[in-house]
Amino acid sequence: LPHQILLVHDLVAQPERRILVADEVGLGKTIETGMLLRELVARGEADRVLIVSPAGLVKNWQNELRECFRLRFSILGHDFQDHGTASWETHASVIASIDTLKQPRRIQRLLAAPRWDVVVFDEAHHLTAYKTGGKVRKTENYKLAEALKDHSRDLVLLSATPHQGNHFQFWMLAQLLNPTLFRSPE
């Protein structure tokens with residue numbers, strides 16, 4: 001669709017892609033991501049790609065990328081195991097569930113491996129941080145994104161509901177992409 005082509009065209013033109021794609025449900029965020037990845041692969045700009053999604057969507061991601069874009073991705077825990085950093089060095093196109101990846105030992109292995117060219121978080125509204133009084137509490141999901149944001153050139157967050165009526169949580173999501181974009185949650 002035209003909105004998908006326009007988005008991908010604009011993204012490909014940027015030297016560093018840190019973006020929140022907040023299309024409504026059913027408007028094709030997965031297809032937009034596949035188009036972006038296909039183009040970046042063709043240009044030699046995406047040798048290492050990590051897609052992080054809820055467990056129930058991992059196989060859907062693999063099937064859509066293979067069937068629609070001829071992109072082959074391995075699923076962590078299904079196609080390979082990460083017993084050490086070497087697994088992350090030899091598997092350059094990976095889909096993993098957020099619950100599997102957020103384990104501290106896995107985060108350490110990920111960070112010890114080569115940087116990713118692109119990291120995609122599907123259902124990014126689950127990357128949450130809360131503020132109670134003056135104290136900020138980050139979920140394990142958020143901590144995973146925070147660790148990976150500096151270990152990749154491009155960071156793509158996908159969510160149909162990124163704001164959910166909470167200014168602070170949305171601000172913290174935006175902080176993952178660009179900490180200078182908004183000065184405060186307000």
Side-chain angles (χ1 to χ4, degrees), residues 1-24 26-54 57-76 78-80 82 85-98 100-101 106-107 109-127 144-160 162 173-179 181:
L1 296 173
H3 75 276
Q4 295 168 316
I5 294 169
L6 181 61
L7 172 69
V8 173
H9 181 270
D10 289 347
L11 281 176
V12 168
Q14 297 178 21
E16 187 176 279
R17 298 156 198 98
R18 297 204 166 243
I19 188 166
L20 167 65
V21 178
D23 290 343
E24 293 281 338
L27 285 183
K29 292 178 291 296
T30 305
I31 296 299
E32 290 165 340
T33 303
M35 289 174 19
L36 173 65
L37 295 177
R38 169 50 57 208
E39 182 61 23
L40 293 177
V41 166
R43 292 173 180 227
E45 294 182 38
D47 295 324
R48 293 184 49 77
V49 178
L50 174 64
I51 297 173
V52 184
S53 78
L57 299 176
V58 167
K59 198 71 174 154
N60 293 353
W61 269 99
Q62 185 183 45
N63 291 338
E64 283 204 40
L65 291 172
R66 183 182 63 243
E67 292 168 12
C68 299
F69 300 100
R70 293 184 316 238
L71 294 170
R72 304 260 181 235
F73 278 78
S74 300
I75 297 175
L76 173 63
H78 182 266
D79 299 319
F80 77 100
D82 67 329
T85 303
S87 297
W88 292 108
E89 294 171 5
T90 58
H91 289 85
S93 298
V94 176
I95 302 169
S97 80
I98 194 163
T100 300
L101 276 187
R106 284 222 163 93
I107 293 173
R109 289 179 197 149
L110 277 168
L111 296 178
R115 285 175 49 95
W116 297 96
D117 297 316
V118 182
V119 173
V120 176
F121 277 92
D122 192 14
E123 303 290 332
H125 52 274
H126 294 296
L127 309 175
L144 171 64
E146 200 170 38
L148 287 174
K149 77 178 176 71
D150 294 326
H151 200 61
S152 68
R153 180 195 65 223
D154 300 341
L155 181 63
V156 179
L157 306 181
L158 308 173
S159 176
L173 195 59
Q175 295 296 295
L176 292 170
L177 300 169
N178 181 348
L181 187 60

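None of these values were measured; they are calculated from a predicted model.
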Worksheet item: Do I19 and L7 pass the side-chain contact (heavy atoms from CB on, under 4.5 Å) test, and can you show the C-alpha distance, the side-chain angles, and the key distance before you say yes or no?
Response: CA-CA 11 Å; I19 188 166; L7 172 69; 4.0 Å; yes
Flag, side chain of [X] to backbone of [Y], donor-acceptor distance under 3.5 Å:
| X | Y | answer |
| --- | --- | --- |
| R18 | K149 | yes |
| H91 | F80 | no |
| S152 | L155 | no |
| H151 | A113 | yes |
| R115 | D150 | yes |
| R106 | D82 | no |
| R48 | W88 | yes |
| Q62 | F73 | yes |
| R17 | L11 | yes |

Rounded distance [0.5 Å steps], [atom1] in [X] versus [atom2] in [Y]:
| X | Y | atom1 | atom2 | answer |
| --- | --- | --- | --- | --- |
| I31 | I5 | CD1 | CD1 | 12.0 Å |
| L127 | L157 | CG | CG | 6.5 Å |
| D79 | I95 | CG | CD1 | 8.5 Å |
| S53 | K59 | OG | NZ | 12.0 Å |
| E16 | D154 | CD | CG | 7.0 Å |
| L144 | E146 | CG | CD | 10.0 Å |

Heavy atoms, side chains only, cut-off 4.5 Å: are [X] and [Y] in contact?
| X | Y | result |
| --- | --- | --- |
| P114 | E89 | yes |
| E45 | D117 | no |
| F69 | V41 | no |
| L57 | E123 | yes |
| V118 | L36 | no |

Practice prompt. Apply ring-ring contact (aromatic ring centres under 6.0 Å, His included) to H125 and list each qualifying residue two or more places apart in sequence or on a separate chain.
Written response: none
Item to complete: Would you sort out whether V21 and E32 count as a side-chain contact (heavy atoms from CB on, under 4.5 Å), showing the intermediate values?
Response: CA-CA 9 Å; V21 178; E32 290 165 340; 3.3 Å; yes
Worksheet item: Considering all heavy atoms of both residues, which atom of L20 and which atom of P162 are nearest to each other, and what is their separation?
Response: CD2-CB, 3.8 Å
Worksheet entry | Closest non-hydrogen atom pair between A147 and I107, with its separation | CB-CG2, 3.9 Å
Practice prompt. Mind checking side-chain contact (heavy atoms from CB on, under 4.5 Å) for L6 and listing every partner two or more places apart, or none if nothing turns up?
Written response: D10
Fill in: Trace of the side-chain contact (heavy atoms from CB on, under 4.5 Å) decision for H78 with V58
CA-CA 10 Å; H78 182 266; V58 167; over 6 Å; no
Worksheet entry | Residue among T30, D122, T33 satisfying side-chain hydrogen bond (donor to acceptor under 3.5 Å, both in side chains) with W61 | D122
